[in-house]
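Take a look at the structure set out below.
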Amino acid sequence: MTAFRFALFAAGLLTGTALPAQQPASDPVEAVDPFIGTSGEGHTFPGAVAPFGMVQLSPDTHVGPARQTYNWAAGYRHEDQSILGFSHTHFSGAGHSDLGDFLVAPVSGDTVALEPGTTEKPGYRSRKADEIASAGYYAVTLTDPGVRAEMTAGTRVGVHRYTFPAGKAAHLVLDLRSIIYDYPGKILWSSVRIRADGTITGSREVRGWATPRRIFFAMRFSAPLTGHQFVTTEKDVLYKGFKGPGRGPETLDSLSGRAIVAQLDFGALTKPLEVKVALSGVDEDGAIANLASEPGDFDAIRAKTRAAWNEALGAVKIDAPRAMRTNVYTALYHSLMAPSVWSDADGRWRGPDDQVHDGAGFTMHSTFSLWDTFRAEHPLLTLIQPEAKNADFVNSLVAGQKTSPFGILPVWQFGGKETWTMIGYHAVPVIADACLKGIRGIDCAAALKAMVASADYAPYGGLGDYMKLGYVPIDREPEAASKTVEYAYDDWTIARLARQLGDAATAQRFEKRARNWRNSFDSKTGFLRARKADGTFRTPFDPTAINYGSDYTEGNAWQYSWFMPHDQGGLFRLLGGDSKTVAKLDAMFNYDNSKIDYSHAEDIAGLIGQYIHGNEPSHHVAYLYSYAGQPWRTQERLKQIVESQYKPTPDGLAGNDDLGQMSAWLVFTALGFYPVAPGSNEYVIGRPFVDRAEMTLPGGQRFTVVAEGLSDANRYVGKVMLNGKALDRGYITDAEIRAGGDLRFTMQATPNKTWATGVKARPYSMTGYGR
């Protein structure tokens, strides 16, 4: 999970609605509640977005300095009573704040305030009422101007519709000063101009999380402008525009500066005003072309996006009680927002080198929260999105490496630019997983070269020492224990792909590196620990301590001592075998935290003992009981997690959704299996939480999951059948799913302590413990 932390480059470089009992709607869009996660720790937004859309048109209720903005990472919280306006870019569930580009707010009447005001004394800020949202649509009544505001979005466009009070002058405020997570000097430059045909275009350059970031817009209206004025608050100079059909010599139709706000006048309107906005990372002409690429008015765009959401969500047809169906479909919805389209309709895109590149036969995507999403989000997309879309993601990552000034793959990228946030080189498992699953449209040999280039780039994150010593030393690099194990896992995925491609030398080198996690594991204490360059473990040692920038990344020894998903067998040997492993897992879940204060540590949410579901390093841990031959214990823990961490309410996510990872975990878990080690081509069987689910796979085959007898009492798996034959192992392969078929669970009230307990029935383990 990405909190307010910057991983410094080592080289110095409907309001929350009740859910009445009723039959599930056949249309999956009807089961989505975009307000889930907009309160509490979820950091999601309720506004309009198309699947993987470039535009996320959503209300902003608060933008401010860093210390005030963490809970508003998406610019919005459901409980806020007023709305600043509607901006066009947002993260879904990130642990860091940014974006909020090009805010628009409607104002009615003769007087227009160009300052936002406060809740108590609104300027163009307004109190809200009658707020509703669905996939691709958002609406609210702004009570101060008396305006009904509606939002929808296409792939590269956002469309506003404002119904103003009859007889009152209609105005819009376009505020280029507003930005989520603001601080002095963040906006380097802005521009706005009115073109001869009435189209407004503009841009801004931001020194933010990813820097410098450029974004351009083009805006058109369903009614003609009757006047306008531009203000640069930096110089406190007012520029007045035309006041009717003619233009006087005082007219200035463009303005550049750091702090610009525009008033746009439309007179008294007799029908709703539609505002269509397109974005581009390339230039204003690109934004204008993007406008033209998606023709149609508000209703046409809304209908097209609704159809796109129904198609995307319909890849998984879910039969479950209403609350669970809403949870799972909303999780699926959140999983389909990012990575977001970044190239223009003509294929051009701006890269990490800040240069514009032509299209290369695929749609460029950005917004990669890879430390989070390599775990479940991207593996889920390989099953429920077309091959071409998954190829786009991988080709975008490889293109990012080719255009990177440092020649390495993206780490945490958005707007085509790198943030260097979080650790590891987790584009590597995303690429390897896709190639190992046989997804077409990827040059996997070229991708392997990009993966190796990232893994061998010594200046990054202590990699030089890691390659020499076999671990990252804490006295030379912060968060060294976490980096050691995450690098080792990434290295294993490189080895796996190299083996498949017949590159034995690369495979052998990275198989050796994949065992490096052991160099930071202390068998005496049973925990992963940070070592110094002289080989000694750092002291003092407290496995419950969480301090950012210390030995671990957003966690402690309890969470990170389980992060060797490719080599659980090696870990279990060091822990002393199955029974001692199970005892340690129980100790983690049952830990008494009553005397521990984690108030200083952001992102530590959803605690069950020392298991932290609100942060990603714990996400695979409940499935590890199955590796130790006790899959019924996995089933128990999964029920405990699902019931305590997810609910169909605004505060229904225990932690940051992190661009879909928290949600993807629920989708997989609800289906009854989970990718503990992406790159293994295996999924560990847990237990289902839906009565029936039918997946339509990229090749058109269908894979159906059925849970017979599922109820609150029948929480355990009695038996499992795959295509009518008993399945006696605790995993299913990717090939078995892609071939289509039927996975049938028989649920019962008591544990089955003989199913999938044998050594050969257990999930993948690199060192042969288990299989």
Side-chain angles (χ1 to χ4, degrees), residues 14 27 29-30 32 34 45-51 53-60 83 85-90 101-108 126 128-142 145-166 168 170-174 197-201 217-225 264-280 287-311 333 337 341 345:
L14 328 145
D27 190 339
V29 164
E30 298 300 331
V32 172
F45 63 84
V49 60
M54 179 187 288
V55 175
Q56 308 87 34
L57 179 52
S58 190
D60 292 335
I83 288 175
F86 307 95
S87 64
H88 296 80
T89 56
H90 296 84
D101 293 306
F102 311 128
L103 183 133
V104 174
V107 180
S108 64
S126 173
K128 66 176 183 176
D130 303 323
E131 194 174 27
I132 61 172
S134 62
Y137 177 77
Y138 169 87
V140 66
T141 296
L142 301 176
V147 173
R148 184 64 174 171
E150 300 172 272
M151 309 289 143
T152 193
T155 299
R156 296 178 178 86
V157 302
V159 190
H160 313 234
R161 183 162 65 189
Y162 298 111
T163 303
F164 288 88
K168 287 191 174 183
H171 314 273
L172 295 179
V173 173
L174 170 62
D197 65 353
T199 300
I200 294 183
T201 60
F217 75 91
M219 180 181 295
R220 286 183 180 144
F221 312 98
S222 62
L225 282 168
L264 309 174
D265 307 319
F266 298 90
L269 298 173
T270 58
K271 58 183 180 179
L273 174 68
E274 294 190 7
V275 185
K276 194 170 187 179
V277 182
L279 301 182
S280 170
I288 291 173
N290 287 343
L291 268 181
S293 73
E294 297 184 64
D297 63 6
F298 185 98
D299 288 330
I301 298 294
R302 180 185 178 187
K304 184 177 180 180
T305 296
R306 181 185 175 93
W309 274 118
N310 270 325
E311 180 180 3
Y333 165 76
M337 289 186 179
V341 168

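Note that the structure is a prediction, hence the values are computed from the model and not measured.
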### Query
Should the ring pair Phe86 and Tyr162 be called parallel, tilted or perpendicular, given that the plane angle runs from 0 to 90° and is split at 30 and 60?
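Because their plane-to-plane angle lies in the 30° to 60° range, the rings of Phe86 and Tyr162 count as tilted.
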
Is the backbone of [Y] close enough, under 3.5 Å, to the side chain of [X] for a donor and an acceptor to pair up by distance?
| X | Y | result |
| --- | --- | --- |
| Thr305 | Ala153 | yes |
| His88 | Phe102 | yes |
| Ser108 | Ala170 | no |
| Glu294 | Thr155 | yes |
| Gln56 | Met54 | yes |
| Asn290 | Ala345 | yes |
| Lys276 | Gly296 | yes |
| Asp27 | Val29 | yes |

### Query
What do the steps show when you test Val32 against Trp309 for side chain to side chain contact (heavy atoms under 4.5 Å, CB included), and what is the final call?
CA-CA 10 Å; Val32 172; Trp309 274 118; over 6 Å; no

Could you measure the distance from the [atom1] atom of [X] to the [atom2] atom of [Y]? Nearest 0.5 Å is fine.
| X | Y | atom1 | atom2 | value |
| --- | --- | --- | --- | --- |
| Ser126 | Leu142 | OG | CG | 4.5 Å |
| Leu225 | His171 | CG | NE2 | 12.0 Å |
| Asp297 | Glu274 | CG | CD | 5.0 Å |
| Ile83 | Lys128 | CD1 | NZ | 5.5 Å |
| Leu273 | Leu172 | CG | CG | 5.5 Å |
| Arg161 | Lys271 | CZ | NZ | 12.0 Å |

Any [X] side-chain heavy atom under 4.5 Å of [Y] side chain:
| X | Y | answer |
| --- | --- | --- |
| Thr163 | Val147 | no |
| Asp60 | His90 | yes |
| Tyr138 | Glu131 | yes |

#### Entry: Ionic contact status for Glu311 with Arg306, cut-off 4.0 Å
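No, Arg306 and Glu311 are not salt-bridged.
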
For [X] against [Y], the heavy-atom pair lying closest together:
| X | Y | answer |
| --- | --- | --- |
| Gly85 | Ala105 | CA-CB, 4.2 Å |
| Tyr333 | Gly47 | OH-O, 3.8 Å |
| Pro46 | Ala133 | O-CB, 3.6 Å |
| Ala278 | Ala287 | CB-O, 3.3 Å |

### Task
I would like to know whether Ser87 and Asp101 meet side chain to side chain donor-acceptor pair (under 3.5 Å); could you show each step before the answer?
CA-CA 5 Å; Ser87 64; Asp101 293 306; over 6 Å; no

### Task
Would you check, one step at a time, whether the test side chain to side chain contact (heavy atoms under 4.5 Å, CB included) holds for Phe217 with Ile200?
CA-CA 8 Å; Phe217 75 91; Ile200 294 183; 3.9 Å; yes

#### Entry: Sole candidate of Val157, Leu57, Val159, Val49 that passes side-chain contact (heavy atoms from CB on, under 4.5 Å) when paired with Thr152
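Among Val157, Leu57, Val159, Val49, the one meeting side-chain contact (heavy atoms from CB on, under 4.5 Å) with Thr152 is Val159.
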
### Query
When you look at Met219 and Val275, which way does the side chain to side chain contact (heavy atoms under 4.5 Å, CB included) test go after all the steps?
CA-CA 7 Å; Met219 180 181 295; Val275 185; 3.7 Å; yes

### Task
Determine, step by step, whether Leu291 and Arg156 satisfy the side chain to side chain contact (heavy atoms under 4.5 Å, CB included) criterion, reporting the C-alpha distance in whole Å, the side-chain angles of both residues, the deciding distance to 0.1 Å, and the verdict.
CA-CA 8 Å; Leu291 268 181; Arg156 296 178 178 86; over 6 Å; no

